[in-house]
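Notes to accompany the following structure.
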Amino acid sequence: MQQSDIDVLRAQPLAARGHFINGQSHDATDGATLDVISPIDGKKITQIAAGTPADVDKAVASARAAFEDGRWSKAAPSARKKVLLKLADLIEQRALEIAVLGVMDNGTEINMAFKAEAMSAAATFRYYGEAIDKIYGEIAPTAPNILGLVHHSPVGVVGAIVPWNFPLMIGSWKIAPALAAGNSIVLKPAESASLSLLKIAELAIEAGLPEGVFNVVTGSGSVVGEALALSMDVDILVFTGSGATGRKLLEYSARSNLKRCYLELGGKSPNIVFADAPDLANAAKISAAGIFRNSGQVCVAGSRLLVHEDIHDEFVTEICRHAENYKVGDPLDLNSQIGAVHSQHELEANLDFVIKAEAEGAQRRTGGERILQETGGYYMPPTVMSGVKPKDQLFQNEVFGPVLAVTSFKDENEAIQLANSTSYGLAAGVWTSNLSRAHRMVSNIRAGVVHVNTYGGADLTVPLGGVKQSGNGHDKSLHAMDKYFDLKTAWIQL
Ligand code: NAD
């Protein structure tokens, strides 16, 4: 990746974008638009259609028509595979362009955006494209005069609502398995991070996806998202975002057609460091990356550091050293290690958490203030708060920013109790050389993933999902396919 290539791409003017419905760009029915503000410098970079319920109806009708006439839903799995593999190739070929586009509206640092957004999306389309002609139905062990067949049928129209952090990676985790299974989709990206997903919808047509199968409606959550979730013709909703929105989606489902809702929500994930961690220096380095990468705007971020009291002081000093060494700055500068906070609103919310934590008695060890204000962008350095108590807001609530809450513990039982004492259950980390303890911790921590002697690693082969109020259902791995199929039994008298 060359800085000069990035600079050429960022200088290109961005055309205003419409919805993507039935293979075409459409303005909103009332012509309304939303400004897209770049977190890099706080300036308007383009505008997108501000969708209306009528736009959602149009997109859902397009998805429904495509599903019913079988142009995709009844295509041979091998044919669907070909299209998804082609789409993966197209994304990979244009990865830098797509990554830069995504950085312009969401602020993730370009090295990470290239890998975790564009290249990861390509890998996801490839993974589910490869999977789809390897999934078999079942013949049930019935009596000999009966043939019981269990078919995997696509569910129909999938409504997908995704957040602004890693829109492409998270969007692909839903779009790719849904399409592989033969469904049609209406996708609603976050209003502040729609550009890269609109690009993928266009590329899907170039890859041979029939028009109408994959539609994108842009605009606000309270209008477009709500209309999609209330639609009587959407069969399931797949969502990644906050718990507050997740609750609303369940309500909308209850008020409409009882569509199934799969919710990937927030976290306040504990990262637990025992005194017998195999390499404390490495633990500090990886733990710092585990909270601060992408300005902490990562659902599985290890945002609660629980440290054994014997090593607390030296470990916190080491974490602060790493925090202060990160280069925060323009996300399209290859030298930056951490880019912008996504929006002014998010920046203010992050800073507010710091003020409240201090008021509750926590100590600010580093960071905690806005930086690079002269750029007009939204930047905040890695921030470490120690002495955070279980009842404090910073211990209980997700910041979704670069703010680490540190709490010390005395023994394993207290560590487990602290780890489990929030309403979330998304991810966790444990650092210890004691294999038995590692297994006990994995067993006793209520979370969708527990990392041992690392933090934050994963690939497509393992599922991602939460327990407790971090949600239900899983993205990634073959398990993700389950959401996008209905099981249908054929009971045949022989
Ligand atoms: P959000 O809930 O505000 O928005 C997510 C999406 O929902 C956006 O597209 C938004 O427009 C839409 N939305 C908002 N109100 C809506 C409504 N009333 N009806 C329908 N749709 C509506 O969340 P966010 O701020 O974009 O994302 C941050 C959150 O996402 C954090 O809590 C983070 O932890 C979570 N997250 C979870 C995972 C995971 O895999 N579990 C991954 C990434 C992010």
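FYI, the numbering just counts along the sequence from 1. All values below were derived from every heavy atom in this structure, side-chain atoms included, with hydrogens, water molecules and symmetry-related copies excluded. All of these numbers come straight from a predicted model, not from anything done at the bench. Both counts, for ligands and for their atoms, begin at 1 and track the order of listing.
Between Ser470 and ligand 1, no N or O atom pair is found at a separation short of 3.5 Å. Considering backbone and side-chain N/O of Ser222, none are found under 3.5 Å from N/O of ligand 1. Residue Glu398 has at least one nitrogen or oxygen atom sitting less than 3.5 Å from a nitrogen or oxygen atom of ligand 1, judged on distance alone. Close N/O approach between Thr240 and ligand 1 is not found [any backbone or side-chain N/O within under 3.5 Å].
Residues Asp330 and Ser336 bring no donor and acceptor atom of their side chains to less than 3.5 Å of each other. With hydrogens and angles left out, the side-chain atoms of Trp164 and Asp105 include no donor and acceptor closer than 3.5 Å. Side-chain N/O atoms of Asn271 and Ser287 include a donor and acceptor closer than 3.5 Å.
For Leu426, every heavy-atom contact with ligand 1 shorter than 4.0 Å involves the side chain, none the backbone.
Using a non-hydrogen distance threshold of 4.0 Å, Tyr252 registers as a contact of ligand 1. At least one heavy atom of Leu249 lies less than 4.0 angstrom from ligand 1. The closest approach between a heavy atom of Gly243 and any atom of ligand 1 is not below 4.0 Å.
Among all non-hydrogen protein atoms, the one lying nearest atom 26 (O) of ligand 1 is Trp164 CD1, 3.1 Å. Among protein heavy atoms, the minimum distance from atom 33 (C) of ligand 1 is reached at Phe400 CE1, 3.2 Å.
Of the candidates Val162, Val399, Thr245, the one placing a heavy atom closest to atom 6 (C) of ligand 1 is Val162. Between the choices Leu228, Leu265, Val223, the shortest heavy-atom distance to atom 41 (N) of ligand 1 belongs to Leu265. The closest non-hydrogen atom to atom 1 (P) of ligand 1, taken over Ala227, Ser242, Ala301, comes from Ser242. Taking all heavy atoms of Ser343, Gly241, Gly473, Ala427 into account, the minimum distance to atom 29 (C) of ligand 1 is reached by Gly241.
Near Lys248, the atoms of ligand 1 lying under 4.0 angstrom from a non-hydrogen atom of the residue are 18 (N). Each of the following atoms of ligand 1 lies closer than 4.0 Å to a heavy atom of Pro189: 9 (O).
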